[in-house]
Amino acid sequence: MPEDPRILELREKRKKSRLGGGEKRIEKQHAKGKLTARERIDLLLDPGTFQELEPFVTSRKHDLELGGEKLLGDGVVTGYGQIDGRTIYVYAQDFTVSGGSLGEMQGQKISHVMDLAASNGTPVIGILDSGGARIQEGIYSLGGYAEIFRRNSQYSGVVPQISLVMGPCAGGAAYSPVLQDFIIMVEKKSFMFLTGPQVIKSVTGEETDFESLGGAATHLGISGIAHMAAPSDQDALALARRLVSYLPNNNMENPPYVEPADDPGRMDEVLNSIVPINPQTPYRMHDVVELVVDKGSFLELQSTYAQNALIGMARIGGYSVGIVGQEPSVLAGSLNIDAADKIARFVRFCDSFNVPLVTFVDSPGFLPGINQEHGGVIRHGAKILYAYANATNPKISIVTRKAYGGAYIAMSSKYMDTDVTYAWPSAEIAVMGAGGAANILYRRQIKAAEDPEAEREKLTQDYKDLFLNPYASAQAGYIDDVIEPKETRPMIVAALKTLRNKRKQNLPRKHGNMPV
Ligand code: HXC
């Protein structure tokens with residue numbers, strides 16, 4: 001029987017829509033070391049699972065034509081598929097069609113998959129590669145962006161939203177990824193900025209280029225906007241798949257439990273001697289985290305930004321957790337403006353999706369300095385307090401060494417409604433360090449002594465014996481137990497099991513007013 005011509009026409013149309021802006025432009029995309037929208041989706045999702053939506057949509061306001069025919073898809077490929085068997089909604093801008101620029105219909109297509117993701121309770125991943133607002137469509141393209149920004153904001157905390165920035169993301173377009181939970185960039189291939197180098201030069205006279213203005217290194221290390229970066233499209237997509245494995249589908253579900261290959265009862269002897277006896281000698285909290293979590297499961301986020309703090313996803317005994325900590329080998333683990341922003345936003349993320357938080361504390365307090373004060377360290381630091389205090393997800397904290405002053409209170413102390421609080425024998429929980437305290441408390445006594453230095457030393461030691469140990473806090477009930485460092489892993493596993501069905505709600509209100 002001859003084939004139905006309507007089926008042949010459909011096949012022809014599908015073939016055309018798959019070619020986006022045509023073979024030449026695809027070649028150009030490959031020559032830049034970039035994959036096409038469809039190739040990216042195929043690598044992101046489990047093989048063969050992608051189902052496309054709205055492939056025949058065309059621009060209404062301005063015909064994007066190729067060889068006299070309207071281009072199908074309007075510069076974005078949208079649909080759904082699976083990652084490790086879990087449904088994910090996805091959209092990928094197609095740079096071969098008018099530079100992936102966003103017009104009215106592209107905006108509608110993206111909004112549609114976002115709506116489907118929200119109502120079906122599944123994560124949504126956007127792959128961005130676009131020249132921004134489609135100039136020919138004027139106000140209609142702005143409307144398209146506005147629709148997306150509104151959804152990014154309203155679905156925040158409903159379903160996880162991840163952006164893969166894999167090319168240009170310029171102008172107001174950059175607001176969509178930052179309204180989402182995570183941004184992954186591709187080194188040297190992607191950039192985000194509000195105003196480009198030419199505009200900056202004409203307004204301020206400053207010379208810059210795309211890479212230093214808004215490349216991956218800039219947004220990972222300086223602005224703190226990006227969470228991860230990878231050397232290629234393939235690696236970035238693999239990172240996104242890995243990130244999804246830690247996240248729940250939506251705010252009503254628990255994050256996935258994965259049968260651990262690593263013994264939940266494993267006790268690593270190295271932990272017992274990892275904190276140096278001399279409190280001034282640094283060690284790496286990264287090492288502590290790696291030794292406690294399921295082997296190889298720590299996925300650090302914002303690794304080159306505010307390195308005095310560390311955040312990331314991990315598994316402990318198969319349970320997905322958010323890790324927060326100080327890094328005592330950088331700025332002695334003190335808290336500053338950038339660290340506060342980094343920690344607070346991550347705590348808010350974990351709480352919004354009920355991912356348990358495990359906090360490792362070693363901080364001498366907030367970083368002193370005029371720049372910090374003038375920059376609003378009080379306001380920024382308060383974000384940590386606000387985030388922990390309001391978080392109703394399971395919270396566990398371990399004080400490994402210093403927990404002084406405001407840093408003690410803010411960093412998931414028992415006062416912040418933390419469910420389980422442990423301290424190592426090396427913990428020093430106090431208002432401040434011994435030297436400073438003795439100088440203030442016993443100034444006259446030291447001055448009047450025959451040998452002031454010896455007196456200072458003696459009084460400092462007295463203070464240490466009295467306050468700088470975990471037992472004073474344990475006696476006061478401010479920590480639940482003092483544990484051997486090597487016991488940390490099994491103790492956390494036990495706590496996570498217990499807290500799995502935690503139910504807590506703050507008092508009814510429209511929403512709080514976080515210091516931002
Ligand atoms: C329409 C666009 C476009 C745009 C690129 N193209 N950007 N078409 N609207 N915004 C088209 C080009 O004409 C070209 O078409 C194709 O896409 C590829 O672009 P090239 O310039 O050849 O590519 P490349 O050299 O890689 O440069 C990419 C680029 C550059 C850096 C993104 O195209 C660029 O600077 N574009 C303009 C960026 C911009 O100013 N956007 C508006 C920002 S304001 P052909 O037919 O030749 O293939 C904004 C406001 C949003 O976005 C506000 C929301 C709140």
Side-chain angles (χ1 to χ4, degrees), residues 16 19-37 40 58-77 91-111 114 126-154 163 165-180 185-186 188-203 208-216 218-219 225 233:
K16 276 209 178 110
L19 280 177
E23 274 159 4
K24 278 218 174 86
R25 288 192 177 85
I26 292 178
E27 273 169 31
K28 222 171 145 187
Q29 177 85 344
H30 286 161
K32 287 182 196 157
K34 289 160 61 173
L35 298 174
T36 65
R40 286 166 173 167
T58 56
S59 163
R60 271 200 295 159
K61 301 295 168 200
H62 183 91
D63 295 352
L64 291 176
E65 292 190 351
L66 187 70
E69 256 189 88
K70 277 189 174 185
L71 286 179
L72 302 174
D74 205 37
V76 69
V77 182
Y91 57 90
Q93 289 176 317
D94 184 349
F95 194 80
T96 68
V97 178
S98 203
S101 57
L102 189 138
E104 178 201 17
M105 298 309 280
Q106 181 179 134
Q108 277 191 24
K109 280 181 74 175
I110 294 175
S111 295
M114 292 172 74
I127 298 176
L128 307 181
D129 188 358
S130 162
R134 186 173 298 152
I135 297 160
Q136 307 91 313
E137 292 199 27
I139 186 77
Y140 295 100
S141 62
L142 296 187
Y145 272 120
E147 293 283 350
I148 296 169
F149 299 163
R150 190 182 75 238
R151 285 170 173 80
N152 286 141
S153 310
Q154 292 179 344
S163 265
V165 180
M166 308 192 88
C169 182
Y175 280 118
S176 178
V178 294
L179 285 166
Q180 304 186 30
M185 294 184 77
V186 183
K188 313 264 197 266
K189 300 274 189 305
S190 61
F191 48 87
M192 281 196 283
F193 47 73
L194 291 184
T195 41
Q198 277 181 337
V199 178
I200 291 182
K201 181 146 192 236
S202 67
V203 176
T208 184
D209 55 66
F210 283 174
E211 181 56 27
S212 45
L213 186 61
T218 300
H219 286 311
I225 283 172
D233 280 21

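Numbering of ligands and ligand atoms starts at 1, following listing order.
- With Asp233 as reference, Arg40 is the one residue of Lys34, Arg40, Lys189 to meet the salt bridge (charged side-chain N to carboxylate O under 4.0 Å, His left out) rule.
- Checked by atom type and distance alone, the side chain of Thr218 pairs as donor or acceptor with a backbone atom of Ser212 at under 3.5 Å.
- Of the N and O atoms on the side chains of Gln29 and Asp129, at least one donor lies less than 3.5 Å from an acceptor on the other residue.
- With contacts defined as side-chain heavy-atom distances shorter than 4.5 Å, the pair Asp74/Val97 does not qualify.
- Not counting sequence neighbours, the partners of Lys201 by the side chain to side chain donor-acceptor pair (under 3.5 Å) test are Glu207.
- Using a 3.5 Å distance cut-off with no hydrogens or angles, the side chains of Ser111 and Glu147 do not pair a donor with an acceptor.
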Any protein N/O atoms within less than 3.5 Å of an N/O atom in ligand 1? List the atom names and distances, or say none.
residue  : atom   : partner : partner atom : Å
ligand 1 : 8 (N)  : Ser98   : OG           : 3.3
ligand 1 : 9 (N)  : Ile135  : N            : 3.1
ligand 1 : 10 (N) : Gly131  : O            : 3.1
ligand 1 : 10 (N) : Ala133  : O            : 2.9
ligand 1 : 17 (O) : Gly99   : N            : 2.9
ligand 1 : 26 (O) : Lys32   : NZ           : 3.0
ligand 1 : 41 (N) : Gly131  : O            : 2.6
ligand 1 : 46 (O) : Arg25   : NH2          : 3.0
ligand 1 : 48 (O) : Arg25   : NE           : 2.8
ligand 1 : 48 (O) : Arg25   : NH2          : 3.3
ligand 1 : 52 (O) : Ala133  : N            : 2.9

